[in-house]
Amino acid sequence: MRAAIQPLSLYCSNSSKLMASSSNSLMWFRKGIRIHDNPALEYAAKGANFLYPVFVIDPHYMEPDPSAFSPGSSRAGLNRIRFLLESLVDLDLNLKKLGSRLLVLHGEPGEVLIRCLEENLASAAGIEVFSPVSHTLFNPADIIQKNGGSPPLSYQSFLKLAGEPSWACAPLSTTVSSLPPVGDTGRSDISDVPTIKDLGYEDMAKDDWTPFRGGETEALKRLEESMSNKDWVAKFEKPKGDPSAFLKPATTVLSPYLKFGCLSSRYFYQRIQEIYNNVEGHTSPPVSLVGQLLWREFFYTAAFGTPNFDRMKDNKICKQIPWNDDNELLAAWRDARTGFPWIDAIMVQLRKWGWMHHLARHCVACFLTRGDLFVHWEKGRDVFERLLIDSDWAINNANWLWLSCSSFFYQYNRVYSPITFGKKYDPNGDFIRHFLPVLKDMPKQYIYEPWTAPLSIQKKAKCIIGEDYPKPVVSHDIAIKECRKKMGEAYELNKRLKGLISEEDLENLKKRNTEEDQRQNAQTKRKRQTLNDWIQPQ
């Protein structure tokens with residue numbers, strides 16, 4: 001039998017096919033939830049009398065966790081679980097059109113597959129495993145080998161090493177006419193793709209659903225819509241784009257489909273190149289549309305080759321910074337209660353949609369870490385990891401390392417303003433009014449700073465700051481100065497100790513920062529009291 005397996009994470013191969021006899025193949029779908037450009041599926045089907053397409057529902061990923069801060073399991077929010085289930089339903093429908101179907105099993109995946117073989121879903125004699133790389137454009141291991149055993153740590157050095165993908169000019173297998181039928185499943189407990197209710201979740205109000213549906217069919221439809229505008233593809237330039245656009249997002253919104261492998265990154269790459277070859281000019285990496293796919297490859301490679309990539313401690317490419325452990329500030333940020341409407345509206349969009357524009361992600365990540373609250377990037381990473389439908393381990397961690405100025409990007413003085421940045425794109429505050437309806441009647445001159453509105457205006461807008469909508473958790477003007485000072489001190493310590501910073505070193509720096517914060521707070525209180533005493537009527 002042959003077995004084809006697709007990866008659960010960056011550290012697994014992209015697709016694999018297990019084979020226990022020359023006539024049977026088992027196709028284990030993990031990330032490549034698609035038919036087009038699926039080398040494992042193509043290999044599994046070749047010469048097989050029977051093909052067993054399998055997906056294993058892992059209870060750790062799917063079962064409700066009542067203790068979590070949002071609906072979902074211990075590993076994922078409900079939006080991402082729903083997206084995955086929709087993708088599986090679509091895969092099953094597409095397999096049925098080809099004379100096959102999806103076999104859904106439940107349990108710990110490794111144990112389930114072994115049990116399948118033992119129970120004669122496929123004969124266990126002589127298993128061949130085929131696991132090609134097709135979730136990424138390049139094999140990260142190859143790039144690291146070219147670089148002498150370590151991953152390149154700049155985008156430009158990655159591009160020089162990577163060059164053109166070896167398959168770039170070769171036709172990809174994007175259509176399948178038929179597949180071998182499913183054979184006898186023996187005693188295996190096969191089920192249909194479960195519904196949200198089957199998994200134990202209650203119905204959510206439709207307003208709380210992500211507007212993005214899962215599945216290969218939707219992925220290819222979105223791809224066609226994007227590729228039909230050749231001028232837009234040719235002129236695409238990140239970081240340009242409107243983060244406040246929500247009725248029609250100012251980007252492809254293909255990231256969740258790439259995350260689950262509903263869309264082949266290789267096919268996406270070739271479609272873009274076809275347009276580039278037929279236009280007079282186009283943008284180039286790092287800002288072009290192809291450049292965005294190459295950022296994904298760069299981050300995958302860095303993550304693959306860096307031990308402890310997902311944490312600060314023992315991560316050799318991560319600056320050691322004495323972030324604070326203020327869980328109240330973290331909760332205010334996570335739950336859209338910071339008192340900064342631009343930040344809070346983005347966080348509501350994240351919770352409701354499981355997605356937001358990349359510049360919106362930049363704003364809230366900067367605000368939580370080096371911009372205003374100085375909360376550890378790992379805590380923000382965990383919130384994104386849970387709520388994003390496109391949450392990808394390598395990319396999510398890389399972006400938080402970048403945006404907190406812990407790695408890759410080190411210009412910590414450059415900060416996204418929680419007040420003026422959104423105003424550039426949406427001076428009327430339509431994005432805020434949509435996601436924070438409590439502020440829908442606030443005049444536009446106050447929509448980004450409602451605490452500055454006179455009480456009469458607040459009453460007229462039916463939104464009293466401090467009652468109907470929170471006061472700012474910090475003063476941005478003060479917080480940004482304090483954060484820059486702390487970042488400067490941490491960078492100096494990293495430089496002086498050449499990155500070899502102990503926990504004691506960090507604790508001592510954190511203690512000094514805390515004492516300084518307390519002195520600053522005391523001075524601020526005294527100044528406020530003096531001012532209050534001065535303006536009190538005699």
Side-chain angles (χ1 to χ4, degrees), residues 3-17 26-45 53-58 61-62 75-76 79-95 98 100 102-104 109 130-140 165 167 172-176 179 193 212-223 226 252-271 292-293 296-297 299-300 303-304 354-355 388-396:
I5 304 173
Q6 295 177 317
L8 261 180
S9 73
L10 178 65
Y11 299 101
C12 302
S13 50
N14 185 50
S15 316
S16 304
K17 140 185 165 167
L26 185 150
M27 173 70 191
W28 181 14
F29 286 95
R30 300 173 80 180
K31 265 199 170 180
I33 306 176
R34 65 176 185 272
I35 305 296
H36 76 279
D37 185 34
N38 195 327
L41 180 62
E42 183 180 4
Y43 186 79
V54 168
F55 187 88
V56 183
I57 298 287
D58 187 340
Y61 188 90
M62 296 290 200
R75 300 284 300 279
N79 269 326
R80 190 156 81 251
I81 292 172
R82 185 193 300 277
F83 192 96
L84 172 58
L85 295 180
E86 290 169 348
S87 300
L88 295 176
V89 168
D90 185 68
L91 176 63
D92 185 41
L93 290 172
N94 290 336
L95 286 170
L98 300 172
S100 184
L102 185 63
L103 307 176
V104 178
F130 178 69
S131 188
V133 173
S134 60
H135 189 63
T136 51
L137 305 180
F138 302 93
N139 185 339
W167 46 264
L172 298 175
S173 176
T174 56
T175 58
V176 177
L179 290 171
V193 178
F212 309 115
R213 303 273 73 86
E216 178 182 17
T217 301
E218 182 68 18
L220 294 175
K221 177 185 172 185
R222 283 188 168 274
L223 177 66
S226 294
T252 64
V253 195
L254 287 172
S255 54
Y257 304 95
L258 291 168
K259 180 263 188 305
F260 283 106
C262 301
L263 175 65
S264 159
S265 60
R266 307 193 311 173
Y267 182 52
F268 189 12
Y269 180 93
Q270 284 197 345
R271 291 296 303 276
Q292 306 321 299
L293 283 175
R296 178 175 183 263
E297 299 294 311
F299 285 150
Y300 263 60
F304 183 80
W355 182 90
L388 283 171
I389 57 174
D390 62 5
S391 177
D392 184 303
W393 185 87
I395 298 171
N396 190 32

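Of the inter-residue distances, the one linking S264 atom OG with I35 atom CD1 reads 13.0 Å to the nearest 0.5 angstrom. Going from atom CD1 of I81 over to atom OH of Y61 covers 6.5 Å, rounded to the nearest 0.5 Å. For the atom pair CG of N79 and CG of D390, the computed distance is 11.5 Å after rounding to the nearest 0.5 Å. Note that the CG atom of L95 and the CG atom of L103 stand 9.0 Å from one another [nearest 0.5 Å]. For the atom pair CD1 (I33) and CG (L84), the distance works out to 5.0 Å, reported to the nearest 0.5 Å. The distance from atom CG of L258 to atom CD of Q292, rounded to the nearest 0.5 Å, is 12.0 Å.
The shortest heavy-atom contact between P109 and W28 is CB-CZ2, 3.5 Å. Here the shortest heavy-atom pairing between N38 and G32 reads ND2-O, 3.4 Å. Shortest non-hydrogen contact noted between F138 and V133 is O-CG1, 4.0 Å. Residues D90 and G215 come closest through the heavy atom pair OD2-C, 3.6 Å. Nearest heavy atom pair, residue P132 against residue P39, reads CG-CB, 3.8 Å.
Side chains of N94 and V176 form no contact here, defined as non-hydrogen atoms less than 4.5 Å apart. Between M27 and E42 there is no side-chain heavy-atom pair separated by less than 4.5 Å. Between F83 and E218, the closest side-chain pair of non-hydrogen atoms is not below 4.5 Å. R222 places none of its side-chain heavy atoms less than 4.5 Å from the side chain of C262. No side-chain heavy atom of L91 sits less than 4.5 Å from a side-chain heavy atom of F55. With contacts defined as side-chain heavy-atom distances shorter than 4.5 Å, the pair V104/L88 does not qualify. Annotation: side chain of H36 is not in contact with side chain of T175 (no heavy-atom distance under 4.5 Å). Residues W167 and L137 meet the side-chain proximity criterion, which asks for heavy atoms closer than 4.5 Å.
Counting heavy-atom neighbours within 6.0 Å of R75 CZ, excluding the residue itself, gives a total of 12 or less.
A donor-acceptor pair is defined here as one N or O able to donate and one able to accept, closer than 3.5 Å; no such pair exists between the side chain of D37 and the backbone of L172. Side-chain atoms of E216 do not come within 3.5 Å of backbone N or O of R34 as any donor-acceptor pair. The backbone N or O of S391 sits less than 3.5 Å from a side-chain atom of K259, completing a donor-acceptor pair.
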Does the side-chain contact (heavy atoms from CB on, under 4.5 Å) test come out yes or no for L223 and Y267, once each step is laid out? CA-CA 10 Å; L223 177 66; Y267 182 52; 3.6 Å; yes

side-chain contact (heavy atoms from CB on, under 4.5 Å) between I395 and Y300: does it pass, once the steps are laid out? CA-CA 7 Å; I395 298 171; Y300 263 60; 3.9 Å; yes

Determine, step by step, whether F212 and E86 satisfy the side-chain contact (heavy atoms from CB on, under 4.5 Å) criterion, reporting the C-alpha distance in whole Å, the side-chain angles of both residues, the deciding distance to 0.1 Å, and the verdict. CA-CA 10 Å; F212 309 115; E86 290 169 348; over 6 Å; no

Between F299 and D392, is a side-chain contact (heavy atoms from CB on, under 4.5 Å) present by the stated rule, with each step listed? CA-CA 10 Å; F299 285 150; D392 184 303; over 6 Å; no

